[in-house]
Each structure stands twice: as C-alpha cells, then as structure tokens.
There are 2 protein chains.
Amino acid sequence: MNLRELSAHLGLSQTTVSRALNGYGDVAPATRRKVVEAAERVGYRPNSGARRLATGRSQALGIAFPVDRNLLLDPHFIEFIAGVAAHAGEQGYDLTVSPTTGTEGEVYRRFARMRTADAVILSGPVLEDPRIALLRGLQLPFVVHGRTQTPLPYAFVDIDNHGAFRQACQLLLDLGHRRIGLINGDESQTFARDRRAGWSSALMAAGLVAATDGLARAGAMTEENGYRFARDLLETSPRPTGLICSSVLLAFGAYRAVRDLGLAVGRDVSVIGHDDELPFLRPHTLDPPLTVTRSPIRKAGERVADFAIRLATGTPIDRLAEIKPVDLVYRGSTAAPEVR
Amino acid sequence: MNLRELSAHLGLSQTTVSRALNGYGDVAPATRRKVVEAAERVGYRPNSGARRLATGRSQALGIAFPVDRNLLLDPHFIEFIAGVAAHAGEQGYDLTVSPTTGTEGEVYRRFARMRTADAVILSGPVLEDPRIALLRGLQLPFVVHGRTQTPLPYAFVDIDNHGAFRQACQLLLDLGHRRIGLINGDESQTFARDRRAGWSSALMAAGLVAATDGLARAGAMTEENGYRFARDLLETSPRPTGLICSSVLLAFGAYRAVRDLGLAVGRDVSVIGHDDELPFLRPHTLDPPLTVTRSPIRKAGERVADFAIRLATGTPIDRLAEIKPVDLVYRGSTAAPEVR
DNA sequence: GAGCGCTTCCAAAGCGCTTTGGGTTCAGGG
DNA sequence: CCCTGAACCCAAAGCGCTTTGGAAGCGCTC
C-alpha cells in the first residue's frame, strides 16, 4: 500500500493525505482524522527511500562503529549505543551503525554524501579531536558524547567527570586517607583527563601536592588492567590506602589484586569505582559492595540521541549542551584507614 | 555531485555512467575505466535514497536490538554485532539496528514495509521461534544465528554446541571426574539446550545416567550468575569436581565461588568455559588459565552478514547453512581430580 | 454583488537513481 | 552494396514521496 493507493482509496489527493499524515496545516481536522485512521487500518508505512529522496533527510542517526579500536572492546560504548538506539527508535529514527577500521573519516564522508544519516554521534572524544573539524567541514550535524577542545560551539552531552572524581577523592580524604591512587581509563580521552584533574584537584586542595606523584595509572578499562594497575600501585611503598577506579570493570580487577595480596577491600584498602550501570556488572554485588560515583551511560545515550534528532530538525546548537551531575553512592568498600 | 552532473561532466548519458559504475555490460572497457576514475576523483557517491527508491533495495541489513531483554545485557550479542557490522561495511552495506522493547514483530514489519532492510539477522533463537514464521510471512529474507525448529529450510550459521560440550565433558571424564556440573545460559534458547544435550550425552555414554540429576543450572550469562550457580553446585554433596560453563563470564563467577569456598580451581575443582572471544575478558589471563571450548562469536557475525547479503542478492537458501566446529583449548584450570 | 481573506484541497513538478526499449555505428557476410 | 548482428550508447519513463503554486468554496464587508 503506497500513498497513491491510499489517497485513491480515500478519494483525496496525495498532497492532502501526505499533509495530514505529517501533521502539516491546510487540512481540516475531520479529514485528518479520517486519513490517519485509514492509514492505521491498512497499515500504511511510507517508503523510506522515497521519503529520503524527496526530503533529503533520512530519518536516521549515524554512528561510526570502530571494529578494531579500543572502543569496541568496551562494554561502556555498547551500553551507550543501547541508549541511543532506544531513544531514536521511540522517535521513529533508525540508527545506522557503520563499521570502520582505523579512521572514521571515510564513514562520515559517506554519511554526508549519501545523506544516509541526518546527524551523527561522536563517541570517545579526545582533547583535540580531528573529527570535529571534519564533520563541520562536511556540514553534517553531530553531537558529542563527552567534550573536547574547540573554539566553536558544538552540541554535547557529558557528565561532571571532574566533580565526580573530586568528590570521590574528597570522601576518602575526609575519611582520613592520605595516599589515594587513581586507576583511570585511557587518558588521551577527555573524560579520563577530567577525572584525573578532579582527583588531583582534591589532593591539591588538601595540601597534598606531592601525593599525586606516581599514584595514577591509566589504560583500557578492562578487568585485567584493573588488576595490573591496582597490584602495581599497592606494591609501592608506602602503600596507598585508597583507590579510585574509572569503571566497575577496573574496580573488579582491583578487588582481585587486593585479595591476591592478602589484603581486604574496605579494611586495608578503600575502593571507589565509577559506575556506568553496565547491566552485567553490578557494583553492589561485589563483596564488599562497591562505593561508586554513578551516572547511567545508557541515559546519556538517550539524551545524545535526543539532541541529535533535535539538531537534525533545526534546534540551534547552543541549546544542546548538557553536563549531568553524578551521584556518589556510599557502600562497604570505603572506610577510614587503619591506624598504624 | 550527482549522477547527472557527473555524466554531464563526462559527456556521457546517465545510463552509461550508471551501468559503468554498477558493473553492467553494454559499456566499452575504456569508457568504463574513464567513468570509474572520474567518479573516484570527484568523490561521487550515489544518493542512497534515490537508489533505494529506484531499485527497491536498500543496501542495508537489519537487526532488531532488544533494549530491555536479556540479549542486550549481553556482551556476546555485541561482539556478534561487531562481526556483522564489519563484514557488512566491507561489502558496502549499512547495518540498521532498530531498537525494540518486547516483541520484535513491529520492527520486522517496518523493515518489510518500508523496505528499510534487504535482509534481517535473527539472534538468540529459541526452539520454537515465532519470528521465523513472521519473517517468512513478510517475505523478508533472514538468516539465523543459531538454529531452531521449523519444517522449512532456512539460512543459518551455528557452531557445534552439542559436539563442543560433549567433548568438554568427555575431557573431564577422561581425567577421571565423575561428578560434572553444568552452568548454562538461558535454556529457552537453542544453543543452551544443545550444550546441555552435549554434556549429558557424554555422561550417558559413560554410563553415568544419574549424574545429570541436579547438576545443571541455567540463567543469563553474567558473572553474578556464574558465582551463584557455582556456589550452589559446589555446596551439594558429594561435591562436583568439574564445572562446565557456557561462557567465560560465568566461569569468571565460578572462579570466585571456588575461591570463596576455600577451594582452588584446577586442584579441587576443574573448570571449563566456552570462550566466545570477548575481547575484554580473556580466559588465559585467569589464574589458573581457563580451559575453554572456543569459537569466536565475532567471526560468526561476519559469516552471518555474508549469508544475509548473499541471500538478499539471490543465493538460494539451502546453500546458506553452516555449522562451525569448535576448538578445545586445554589449560591449567583442568586436572585429574584429587584422590580421596 | 464585487472584492477580499480564509480555509481546504489539488495538480504537477521534482528529488536522483535504475532500467527499458530503442538508436547508431561499424564490421563482416552474402 | 546491402543486410545483419554485435557493441555501444542514449532518451525517457518510472520508483513513491514532498512541496510549490494555485484553485475552489465560503462567509464577510463595503
């Protein structure tokens, strides 16, 4: 069933039916109701190719899917995509994921030229991200998950990484900790830098300037790295009594390291992790339950999709910037350090 | 730059340029070369909407993305998608993921009616899967990752789950184990049933008919469940000396359970896991390194995409069925049971 | 009752591609 | 020298939708 058939069936012109269905004016309420009902009844769905051709818009969001880079290793990214997909779907938008090896430029160029996506979503921004300039050049609307350095305004959704990690570190300081290690994600990415900055700013403010030296490790957020980094830090002397991890996966590894060294989480070493709410790794099921800074990455995905759609439909960029606050959830993995 | 401009630029008709670019006959080799070069040079990309409209095909593969069901919790699914995306991209196909809450019917109907995907990919089939009939009814080509029960032939890619788990169980039997537990994925899904059948057939063949009773657990393949199920099994008496897990994530949890009970993997309890080669959870990094049955789920994704594209371009279904063999990799987590 | 402004509808012109159904040219056979 | 067929190319007709530029009808006012 296509538009022509539907309008013939209704005894109306294609114009009117189209306008009725797309919510334009110039059509009497009664007519509109009739049209909408009929469309519903016969199960009319506009052909996406035709609409795409006629409007030049594709009703799709694009996202580059790096098949060999770190991002993919990363369940965080996936959970984020889930959020994007969920919201896009609700709004009748498709999500086109285009895999890419190496640089994403090729994909964006295709998106732009084939008009295959109305807006694209940028993940894992680094401090000076060449993709920004590329997308601007291509005139392809984009929204960034995270932030980056660029003179011009751009649409983004981020969480308060700095604040979260400052607060986490402050909590440990307040409990009496003095040597607090940081197990961070890849510090070429902005979120990780922000977190490090948050952590060190708390230490600085407490007058522990030297305390940042050698107490940070960074790398891909895997359990394995969590173990390695934690073990590495815990073997320095004097031993840190607190560890702040950029993900639950890292914290997971840190727990294992603590145990392996014959220590106990909570008693000997306080641990805080950042919880993106990955559904298959829940911090409260750890033993002891993990204290976390928490911000659901899926929700961020939804918000990003929302921004992307609005951007594609004309909302000005400067309205599309958001920094979400982060919760701090106190659980059993943090305590005052033992007196020695 | 569109076709018309390109052909004007070349002094040829749109027809010829189109035919040259799409590899049809009726165009002189020299002309073709010239056209292809020019297209390359000016960076011509056909407008996907227009092509879609003209051909009725979309050059896209579809996949329903369940945002609230178990699948999504599941890094296995994601790794699979990565494979699909990688191969699709290589072949110039897009991957449209359409999120769905609850049933996938709505999504497929949309795919079919809007011709938004030339073929769809079906994940996590259950024994009697209603989606099969639906897709057949919609005339939407599909390929299944896994298998299901249906009278008519269908395209699928599966691994030898039965053989793999029989072999894993046989290995433990050969080492002298007699009580061997199974920690399985959700047994409404076919792969999990097949694995259970493989496990029990090995036990049966060894004359241990009763040994299957109460020694199997099943549920979502999370670390948490791995822990719960393993702990549960290890607290039965007599204690099983071997555990076979349907995923490394489960095995991960099982390790934790073994340790928590003051036992040691390898010495007191032999563990085997199924390794889908999730890049962020590597079995050989466990301590002791995990013995696995191994089959990269990403490769399966690539193969499924390959099948889907071929299906969309006319390859008959009966050529598109494949059952991959599974490797068994022997590592330190398996040993002969202690004599008691 | 002519003129005007509204509302409601429509015919028709594209959007950029593929594909049908011929043309035209040229070589070679009768 | 004409005819035939092969090789190459082209004009034009859609594909199904949106959107422009009116037209028709209606109730007013002047």
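Side-chain atoms are counted along with the backbone in the values below, which use heavy atoms only and exclude waters and symmetry mates. Below, read A as the first sequence line, B as the second, and so on, with proteins coming before strands; counting in each chain starts at 1.
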Is there a donor-acceptor contact under 3.5 Å from the side chain of A:R51 to the main chain of A:P46? no
Using a cut-off of strictly less than 4.0 Å between a heavy atom of the residue and any atom of DNA chain C, enumerate the qualifying residues of residues 48-57 of chain A by number. A:L53, A:A54
For residues 30-47 of chain B, which residues have at least one heavy atom under 4.0 Å from DNA chain C? B:Y44, B:P46, B:N47
For nucleotides 20-26 of chain D, which of its nitrogen or oxygen atoms have a protein nitrogen or oxygen under 3.5 Å away, and what is each distance?
none

Round to the nearest Å and state the distance from [X] atom [atom1] to [N] atom [atom2].
X	N	atom1	atom2	value
B:R115	D:dC17	CZ	P	13 Å
A:L6	C:dC10	CG	C1'	16 Å
B:Y24	D:dC8	OH	C1'	17 Å
A:N2	D:dT18	CG	P	12 Å
B:Q59	C:dT18	CD	C1'	13 Å
B:Q14	C:dT18	CD	P	9 Å
A:L21	D:dT18	CG	P	8 Å
B:H9	C:dG16	NE2	C1'	18 Å

Apply side chain to side chain contact (heavy atoms under 4.5 Å, CB included) to residues B:F77 and B:F65 and explain how you reach the verdict. CA-CA 10 Å; B:F77 179 55; B:F65 202 72; 3.9 Å; yes
Salt bridge check, B:R45 against A:E106: does any charged N sit closer than 4.0 Å to a carboxylate O? yes
Carboxylate-amine/guanidinium proximity below 4.0 Å for A:K299 and A:E322: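 Between A:E322 and A:K299 there is no salt bridge, as every charged N stays at least 4.0 Å from the carboxylate O atoms.
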side-chain hydrogen bond (donor to acceptor under 3.5 Å, both in side chains) against A:T313, all qualifying residues, sequence neighbours excluded: none
Can you list the residues that meet the side-chain hydrogen bond (donor to acceptor under 3.5 Å, both in side chains) rule with A:D129, with sequence neighbours excluded?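 If we apply the side-chain hydrogen bond (donor to acceptor under 3.5 Å, both in side chains) test to A:D129, skipping adjacent residues, the hits are A:R131.
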Pairs flagged by salt bridge (Lys or Arg N to Asp or Glu O under 4.0 Å) wherever residues 21-42 of chain A is involved - sequence neighbours left out: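 Non-adjacent pairs meeting salt bridge (Lys or Arg N to Asp or Glu O under 4.0 Å): zero.
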Is there any salt bridge (Lys or Arg N to Asp or Glu O under 4.0 Å) pair reaching into residues 134-144 of chain A, and which pairs are they, with sequence neighbours excluded?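 As it turns out, there is no salt bridge (Lys or Arg N to Asp or Glu O under 4.0 Å) pair with a partner in residues 134-144 of chain A once direct neighbours are skipped.
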To the nearest 10°, let me know how far the axis at one end of the helix from C:dG1-D:dC30 to C:dG30-D:dC1 is tilted from the axis at the other, five pairs an end. 70°
Is the shortest side-chain N/O distance from B:S18 to OP1 or OP2 of C:dC17 below 4.0 Å? no
Side-chain N or O of A:S13 less than 4.0 angstrom from OP1 or OP2 on C:dC10? yes
Residues in side-chain contact (heavy atoms from CB on, under 4.5 Å) with [X], at least two apart?
X	value
A:P151	none
B:A39	B:L6, B:L21, B:Y44
B:R57	B:T55, B:D118

Could you check whether any side-chain heavy atom of A:R52 comes within less than 4.5 Å of a side-chain heavy atom of A:S58, counting everything from C-beta outward?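 SC-SC contact between A:R52 and A:S58 confirmed.
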Taking the side chain as everything from C-beta on, heavy atoms only, tell me whether A:L122 gets closer than 4.5 Å to A:I132.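 Yes, side chains in contact.
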Would you give me the side-chain donor-acceptor pairs under 3.5 Å for residues 87-97 of chain A, sequence neighbours excluded?
unit_1 : atom_1 : unit_2 : atom_2 : d
A:Y93  : OH     : A:Q59  : OE1    : 3.4
A:D94  : OD1    : B:S98  : OG     : 3.4
A:D94  : OD1    : B:R110 : NH2    : 2.6

How do B:G11 and A:L3 order along DNA chain D: which one's closest nucleotide is nearer the 5' end? B:G11
